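What you see is a predicted model; the values in this text were computed from it and never measured. Within every chain, numbering begins at 1; the chains are lettered A, B, ... in the order of the sequence lines, protein sequences first and strands thereafter. Side chains included, hydrogens not; waters and symmetry mates left out as well; all remaining heavy atoms used.
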Amino acid sequence: MAAKGKKERDLMGGSVSQAMGSEAGLRTVITTPEGVRLAFKAADFGTRLGAFLLDYLIMILIPIGMVILYLVLPLPYLMKVENWNGPMVQFLIILFLIMLFFVRSGYFMFFEMGPRAATPGKRVMKIRVIAHDGGHLTPSMVVTRNVLREVEFYLPLTLAASISNSGGSGWAIFAALIWTVGVALLPLFNKQQARLGDFLGGTRVVHVPREVLSYDLVNLEVERKVGIVFTPEQVAAYGEKELQVLETVLRERRPATLTAVAERIRKRIDYNVPSDPRDIAPDETFLKAYYAALRTHLEHRMLLGRRRKDKFDETR
Amino acid sequence: MSEAQNRPPVLQLKSQKFREAREKDWRALAALVDRAEKGKLKQFTTEELLNLPLLYRQAISSLSMAQSISLDRNMIGYLQALCARAYVSVYGPQARVTELVAGFFGDLARSVRKLWAEFWLAFTCFFLGALGGWLMCAFDQSWYTALVGHSAQGRDLMSTPEQLRATLGGAEKDDWLAVFSVYLMSNNTQVALLAFAVGVMGGVPTALLLIMNGMMLGAMLWLFFERGVGVEFAAWLSIHGTTEILAILLAGAAGFYLARRLLFPGHLTRMAALAQAGKVSGTLMLGVILLLVLAGIIEGYGRQTITDTGWRFAIGGGLLLVWVAYFALAGRAFGRKAVRDGR
């Protein structure tokens, strides 16, 4: 019922921005080469942390998996090598070292330079890297954003470890900790949720969701047959924000919400309920009719360049 | 306001006519993007490939139009998502691999030339460190262990000249040197990446890192010259060292550049200056990584197979010449291109 309560308040009280707020915040706007501003939903801190942890899990599991493979497989037997402690072992150790090197330094760069611009962790969380300047995501951007992980993550980690090993002062550990936390939480303090490497590389991490195109709620032919008519004053009671909340309500089609919202609107616009009960339209029909009238009215104003933000907007 | 009511009811809103006229193209674009997202871009026919950017531009213009004539939130949300998906497909990271590769080598040389002042600063730090390391050891031997410490690998104060010469390879075939050189390569790359990244802390850590690595080199040089095998050591070092040290100096220069733009952003905002610095130094760091991998390969193969001091110097010096020529000359607009650019 919380949702219902919120919708009611949105239409009635002053807190319309709540419904829109969750979407209006955390946006990354980029200007495409065509000169159009595209708004992306910035990947929020939790999502990115999740992707990061997944990637690190994979990075830790790769060498462990290699060692287990080495122990489990009867390699000397399989490869029929006589002198097992010779070049073969060396080759395997070199392979292992190169793999370690790749995992430690190349993992993020390799995957983010790929066609999906996302590491496996990011793909699971359905986010990807884009160029903030609106152009192609170039390898140099990817390199910068990932090399900065050295100071964001590895350096404080190794510092803290080496200091605590050598029994160094608590202050040094404390400073490393402050730096780590400060840098790690940087995404929380800007709207685009960018970390240090994003700022330097000129990149952002965003969601690229897919939306379904639904039907248009307005059908003027049907409305003419239904024949619910509103006076100009009644139509002028609300603005664009309320129209959009009403659209959400009509698309969700929850009976309780529909009834409550219809009740509120009737009250606000002083709607004369027909005396004959047979003439009373169902709540959904009433709301659809009002939505059609309101949208016709607001879109007409819009074409003339007179937009009305919400019901408190007094632009006439 | 009342005119909307007084006129006979229109059967369709303008925004609905707009949608009706364009919806087919949106759906076509969505189908193409769906396939591109599944990694099937290579299976596109020529017609589809040509259509993708066209449909994308149409959708973009639909979006900006819809935002000024329609209040259907579902439709605008759909268009936004569609344009975003199409945008990342059209302007994805691999949209022009060949161009990127061709452009990279010019960009790299240009970035290096742009950072000449930072490069000489890194150069000074490193070789002052080397000089310092040498002098410190010359005055007090105990510094050697402190400076070189864990990476001595059998090259400590107790070693005789013969033992030292043995570490330079060639005399006897040490099988484990190949493994060690891979380890060194990944370690050096780590140092280079770190030298760059700590640039955001104001550049002082970059300088310290360069000085410390220089000191290690200086201390080792001192030991080998002290025992009379200095020239051989320098030759052994030069074959891969010219490439490797150059790469580390370039990484240090990139770090100094970050620090400079952070402290003195000029007419840009600090954020914009950092983003611009990141772009230049990203190209440079990609070059540094390539140089270090190359140095690792030379170290792994060349150092064991080429044992003659003269040859070692020749190869190391030759590579250095190649790098200097490349960084000084590549990517400049010479004659023909300058004419083409309209001069």
Side-chain angles (χ1 to χ4, degrees), chain A residues 32 34 36 38-40 86-87 90 93-94 97-98 100-101 105 113-115 117 128 130 132 135-144 147-148 150-151 155 196 199-202 208-214 216 218 220-221 224 232 236 240 243-244 247 251 295-300 302-303, chain B residues 1-2 4-5 9-16 19 26 39 57 60 63-64 68-75 77-78 80-81 83-85 87-88 91-96 100 175-176 178-179 182-183 186 189-190 193-194 196-198 200-201 271 274-275 277-279 281-283 285-286:
Chain A
T32 70
E34 291 82 21
V36 173
L38 266 186
F40 285 86
Q90 264 189 53
I93 291 177
I94 288 175
L97 282 177
I98 288 176
L100 273 188
F101 174 57
S105 302
M113 281 183 200
R128 67 178 287 153
I130 59 167
H132 190 230
H136 288 281
L137 181 69
T138 62
S140 87
M141 291 177 180
V142 173
V143 167
T144 305
V147 171
L148 261 293
E150 294 290 329
V151 279
L155 181 66
L196 193 61
F199 281 123
L200 275 126
V208 187
R210 68 181 57 216
E211 301 277 344
V212 180
L213 182 59
S214 183
D216 199 311
V218 175
L220 294 179
E221 290 288 354
R224 196 164 60 172
E240 287 176 17
L243 180 77
Q244 291 181 339
E247 181 184 338
R251 288 201 194 276
R295 197 172 127 196
T296 312
H297 167 68
L298 288 175
E299 280 187 3
H300 183 70
M302 201 178 180
L303 284 176
Chain B
M1 206 183 73
S2 54
Q5 307 295 315
V10 275
L11 297 183
Q12 227 181 1
L13 293 172
K14 286 215 169 54
S15 60
Q16 292 177 314
R19 170 175 170 169
W26 304 342
R57 292 206 177 102
I60 286 272
L63 172 63
S64 57
S68 58
I69 67 163
S70 175
L71 288 174
D72 187 346
R73 189 167 155 200
N74 170 264
M75 184 179 83
Y78 169 80
Q80 266 169 348
C83 288
R85 284 169 59 210
Y87 165 78
V88 295
Y91 290 96
Q94 291 204 323
R96 25 163 214 174
L100 275 178
D175 292 334
W176 292 95
V179 174
V182 172
Y183 163 77
S186 73
T189 312
Q190 225 62 72
L193 296 186
L194 195 62
F196 164 60
V198 290
V200 290
M201 291 163 141
M271 271 308 158
L274 273 182
K279 212 169 170 181
S281 43
T283 313
M285 287 312 290
L286 204 54

Largest heavy-atom contact set with chain B, pairs under 4.5 Å, which of A:Gly202, A:Gly201, A:Ser140, A:Pro209: A:Ser140
When every non-hydrogen atom of A:Val147 is compared with those of B:Ala197, the smallest separation belongs to O-CB, 3.7 Å
Please report the closest heavy-atom contact between A:Phe40 and B:Ala84, naming both atoms and the distance. CE2-CB, 3.3 Å
Please classify the contact of A:Val143 with chain B as side chain, backbone, both or neither, using a heavy-atom distance under 4.5 Å. side chain
Could you walk me through whether B:Gln190 and A:Glu150 pass the side chain to side chain contact (heavy atoms under 4.5 Å, CB included) test, one step at a time? CA-CA 9 Å; B:Gln190 225 62 72; A:Glu150 294 290 329; 3.2 Å; yes
So, taking the atom named CG in B:Asp72 and the one named CZ in A:Arg295, what distance separates them when rounded to the nearest 0.5 Å? 4.5 Å
In terms of heavy-atom contacts, A:Thr32 and B:Tyr87 come closest through CG2-CD1, 3.9 Å
Show the nearest heavy-atom pair for residues A:Gln244 and B:Arg73, with the distance to one decimal. O-NH1, 3.5 Å
Taking side chain as everything from C-beta outward and backbone as N, CA, C, O, which of these in A:Val142 sits under 4.5 Å from a heavy atom of chain B? Side chain, backbone, both or neither. neither
When B:Met75, B:Gln16, B:Met285 are compared by non-hydrogen pairs under 4.5 Å with chain A, the top option: B:Gln16
Check each atom of A:Phe199 against the heavy atoms of chain B and say whether the ones under 4.5 Å are side chain, backbone, both or neither. both
Distance (rounded to the nearest 0.5 Å) between B:Met271 CE and A:His132 NE2: 11.0 Å
Decide side chain to side chain contact (heavy atoms under 4.5 Å, CB included) for B:Ser186 and A:Leu97; before the verdict, give the C-alpha distance in whole Å, the side-chain angles of both, and the deciding distance to 0.1 Å. CA-CA 8 Å; B:Ser186 73; A:Leu97 282 177; 5.8 Å; no
Given a strict heavy-atom distance threshold of 4.5 Å, which part of A:Leu298 is in contact with chain B: side chain, backbone, both, or neither? both
Is the shortest side-chain heavy-atom distance between B:Lys279 and A:Thr144 below 4.5 Å? no
Interatomic distance, OH@B:Tyr91 vs CG@A:Leu137, rounded to 0.5 Å, equals 14.0 Å
Return the CG to CZ distance between A:Leu213 and B:Arg19, rounded to the nearest 0.5 Å. 4.0 Å
From B:Asn74 atom CG to A:Glu247 atom CD, the distance as rounded to the nearest 0.5 Å: 6.0 Å
Measure distances from B:Arg85 to the heavy atoms of chain A and classify the residue's part below 4.5 Å as side chain, backbone, both or neither. both
Non-hydrogen atoms of B:Leu71 and A:Glu299 that approach each other most closely: N-OE2, 2.9 Å
Taking all heavy atoms of A:Met302 and all of B:Ser70, pick out the closest pair and write down the distance. CE-O, 3.6 Å
Contact origin within A:Leu38 toward chain B - heavy atom pairs under 4.5 Å: side chain
Proximity breakdown for A:Leu196 and chain B, heavy-atom pairs closer than 4.5 Å: side chain
